[in-house]
Amino acid sequence: MAVTLQTELSRVLGPKTAAGMADQLGLHTVRDLLRHYPRRYARRGEMARLDDLRVGDRVTILAQVTSVNSRRMRQRHGTITEVTVGDGAGSMKLVFFNYKHARLTHGAWGLFAGTVGTYAGSLQFTHPDMYLLNAADENDDDWARALVPIYPASKDVSSWVIQKSVKLLLDGAGGLGSLVVDPLPEEIRARHGLLSLPAALLDIHRPTTVEDVEHAGHRLKWDEALTLQLTLAARRRAAALEPGTARPVKPGGLLDAVDAALPFELTEGQREVGQELAEELSREHPMHRLLQGEVGSGKTVVALRAMAQVVDAGGQAALLAPTEVLAAQHARGIRELLGPLGRAGELDGAADGTRVTLLTGSLKAAARREARAEVADGRAGIVVGTHALLQEGVEFADLGLVVVDEQHRFGVEQRDALRAKGSRPPHVLVMTATPIPRTVAMTVFGDLEISTLRQLPSGRGGVTSSVVPMGEKPAWLDRAWARLREEVAAGRQAYVVCPRIGDVDGPDDEPEDVDGAPENAGGKDRRPPLAVLDMAEILRAGPLRGLRLDVLHGRLSPEEKDQRMRAFGAGEIDVLVATTVVEVGVDVPNATVMVVMDADRFGVSQLHQLRGRVARGKHAGLCLLVTETRTASSTGQRLASVAATSDGFELARLDLETRREGDILGSEQSGRRSGVRLLSLLEDEELIAAARAEAAALLATDRGLADYPGLAAEVAALATDERAEWLEKA
Ligand code: ADP
Ligand code: MG
């Protein structure tokens with residue numbers, strides 16, 4: 001039987017091993033196994049790092065037996081065998097009960113895998129899995145020098161079983177060269193100094209030196225990056241060829257009116273991006289653009305001007321907000337700005353104007369019917385709503401532009417759904433205030449063109465942030481409330497944000513949309529996070545007594561939410577105690593204080609977003625991150641970084657880093673990591689950029705990948721792979 005990359009592992013390996021690999025590791029074919037790369041390489045000398053290990057970590061070590069001791073147990077029946085292993089740099093104890101391994105003798109080298117425990121103050125493994133290396137016919141020194149691959153393993157398929165299985169493939173008849181065809185075109189390999197695929201696979205699975213691993217890894221990352229970029233480039237290309245409707249600028253219309261009504265000068269960035277959008281909207285292919293800009297950088301105006309252009313050209317524009325509160329706020333803001341021009345058909349409306357229609361799920365039946373009718377017959381030029389707007393199958397007369405506001409979790413799939421709206425796909429503008437590191441932009445959002453607003457409108461007060469460690473320095477919390485009172489006394493307003501609503505038990509009271517906090521942030525033994533309703537009571541009765549205080553959270557009806565936001569905006573409420581519903585886009589320029597309770601329960605980007613709610617006007621803002629976490633802990637440090645940095649890009653990076661699992665000495669974890677195997681969004685920026693350029697060049701002609709069947713196959717495989725899921729995630 002000729003083995004190929006597609007051959008099922010069950011035909012190459014024993015049935016039990018193959019079943020274990022399929023069920024527990026998701027490895028089905030020869031290709032899967034060859035692409036199952038070692039997590040790390042064990043080598044002598046690493047045991048010096050055993051100090052870093054914590055009880056409970058699963059690790060594999062390469063070590064030599066230095067002593068074996070068996071004795072009868074006093075309390076119980078049977079024997080206990082204590083084996084000391086070391087690697088010249090460190091040592092630890094292995095403990096076995098009623099067990100004696102004939103080959104476990106002084107001087108033997110082996111791989112030992114187990115869960116770290118302690119006994120009498122020193123680290124030990126109890127009944128570790130082990131694989132004794134065949135020292136009989138080899139020199140001990142070989143093992144002392146060797147790099148032993150440690151694979152992501154599972155309960156029934158140990159690292160060394162994988163190693164043996166891979167060996168079968170590497171050493172099979174004809175060698176790897178006959179099994180693996182390199183999909184990478186020779187020119188690309190030469191241009192970037194990359195190993196051939198067979199050579200890279202050989203070196204990653206069986207390296208002699210650390211350099212081997214590096215070179216091989218670099219080449220294999222290229223495969224991942226290029227396949228990904230080809231997929232994205234194909235999407236961009238397909239999108240660019242889609243027929244759309246040109247919506248060119250028409251002077252003397254709504255756009256000019258908007259410009260005349262703006263109470264400020266546009267920033268240079270706003271003008272530049274505006275120009276970019278204006279040109280793209282004038283083309284006969286739909287725009288697919290991401291507009292990123294710090295909180296408060298003035299994205300809304302940019303979007304509004306694009307919407308006005310589309311209305312002037314006879315089309316309709318939809319603005320989608322993530323929450324009803326925001327949708328209502330947008331509709332209100334746009335109506336105010338447009339004045340009579342936004343009230344066509346009403347008594348005081350301008351005849352040449354349009355209508356701004358708010359269409360949300362909570363409208364009463366009659367109002368909703370009326371709104372739908374306006375949208376369907378085209379009277380509504382600007383339609384504001386939540387995502388439900390699109391899902392509910394609302395009919396548009398002529399949808400020309402969809403703007404998605406503040407939605408960084410808007411995946412490729414939803415964007416595709418949007419494009420399917422109407423006979424001709426509308427132009428699409430996605431806006432996000434979560435700065436996106438370049439590599440993420442090139443991957444997760446790789447099918448979009450990107451514009452960035454770097455500059456904040458001038459005259460902003462800026463935000464000062466501090467951590468308030470209420471466990472270590474309770475007095476600081478009193479000081480925090482005092483500061484808040486001072487601001488209110490000076491006529492300003494404040495938010496107090498809590499992770500939870502409170503008042504009921506059960507699933508309804510899960511933290512509201514708390515996103516991106518490290519996984520261990522909600523350990524079982526911790527008290528529940530502070531709740532809005534409790535906090536409001538405490539503040540009313542104590543530290544903030546006498547202030548006008550109200551609450552805002554997701555359990556209120558949309559009318560109540562809107563009414564409270566409106567009251568806060570109008571200055572009728574001093575302090576709004578809220579969940580993260582205030583996170584996105586809420587705009588009350590007079591609010592200057594943001595107190596985040598249990599700040600450690602929030603993710604880095606989320607804190608940055610929250611902070612962006614204050615100092616949107618001319619007054620300086622204050623953000624206080626209140627936490628019980630110790631300052632020295634990693635979570636404490638994370639909060640300190642948020643307080644110290646106002647650069648959203650820097651924080652987005654930090655966010656990515658904290659989301660990754662810590663990995664000392666390759667703590668084993670069964671199952672595969674989702675996503676690409678070797679490529680790192682954080683570290684491989686250059687490589688990703690180079691692959692992106694190559695992908696664009698490869699697809700520049702109409703032949704596509706026709707001349708590169710190997711690459712085409714890789715791209716096809718990605719489409720069906722679980723990795724495709726990764727594309728959906730931001
Ligand atoms: P974001 O990018 O966070 O969505 P917004 O569009 O909500 O920001 O703008 C934040 C605030 O700044 C709003 O009150 C808006 O009216 C104001 N703003 C926008 N552009 C300018 C500008 N060029 N000069 C002064 N203020 C501006
Ligand atoms: Mg906004």
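As the structure lists them, so they are numbered: ligands from 1, and atoms in each ligand from 1. Just so we're clear, the structure is a prediction, and the values are computed from it rather than from any experiment.
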For ligand 1, is there an N or O atom under 3.5 Å from any N or O atom of V301?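 N/O-N/O distance under 3.5 Å: no.
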
At a non-hydrogen distance cut-off of under 4.0 Å, which region of T267 contacts ligand 1 (side chain, backbone, both, or neither)?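 Both backbone and side chain.
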
Ligand-side contact atoms (ligand 1) for residue partner S297, heavy atom cut-off under 4.0 Å: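 This gives 2 (O), 8 (O) as the contact atoms.
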
Only counting residues at least two apart or in another chain, list the ones meeting salt bridge (charged side-chain N to carboxylate O under 4.0 Å, His left out) with R564.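 In terms of salt bridge (charged side-chain N to carboxylate O under 4.0 Å, His left out), with neighbours along the sequence ignored, R564 is linked to D550.
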
Can you sort out which atoms of ligand 1 are near T300, meaning under 4.0 Å from one of its heavy atoms?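 In order of number, 4 (O), 5 (P), 6 (O), 7 (O).
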
Between T432 and Q292, does any side-chain donor sit less than 3.5 Å from a side-chain acceptor?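 On atom types as modelled, these side chains do not qualify, holding no pair under 3.5 Å.
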
Answer whether the closest heavy-atom distance between the side chains of M307 and L319 falls below 4.5 Å.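 In short, these two side chains touch, coming nearer than 4.5 Å.
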
Throw together a table of side-chain donor-acceptor distances under 3.5 angstrom for residues 249-263, partners on residues two or more places apart or in other chains.
| from | atom 1 | to | atom 2 | distance (Å) |
| --- | --- | --- | --- | --- |
| D256 | OD2 | G252 | N | 2.6 |
| D259 | OD1 | R305 | NE | 2.7 |
| D259 | OD2 | R305 | NH2 | 3.1 |

Taking Q270 for the side chain and G298 for the main chain, is one N or O donor matched with an acceptor at less than 3.5 Å?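 Judged by distance alone, yes, a pair lies under 3.5 Å.
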
Is the shortest side-chain heavy-atom distance between E346 and R355 below 4.5 Å?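 They are in contact (side-chain heavy atoms under 4.5 Å apart), so the answer is yes.
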
Which of the atoms of ligand 1 are close to E265, meaning less than 4.0 Å from one of its heavy atoms?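 Listed by number with element: 22 (C), 23 (N), 24 (N).
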
Could you check whether any heavy atom of P589 sits closer than 4.0 Å to an atom of ligand 1, since that is the contact criterion I want to use?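 The answer is no: ligand 1 sits nowhere under 4.0 Å from a heavy atom of P589.
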
Under 4.0 Å from any heavy atom of L266, which atoms of ligand 1 are there?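 It comes down to these atoms of ligand 1: 23 (N).
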
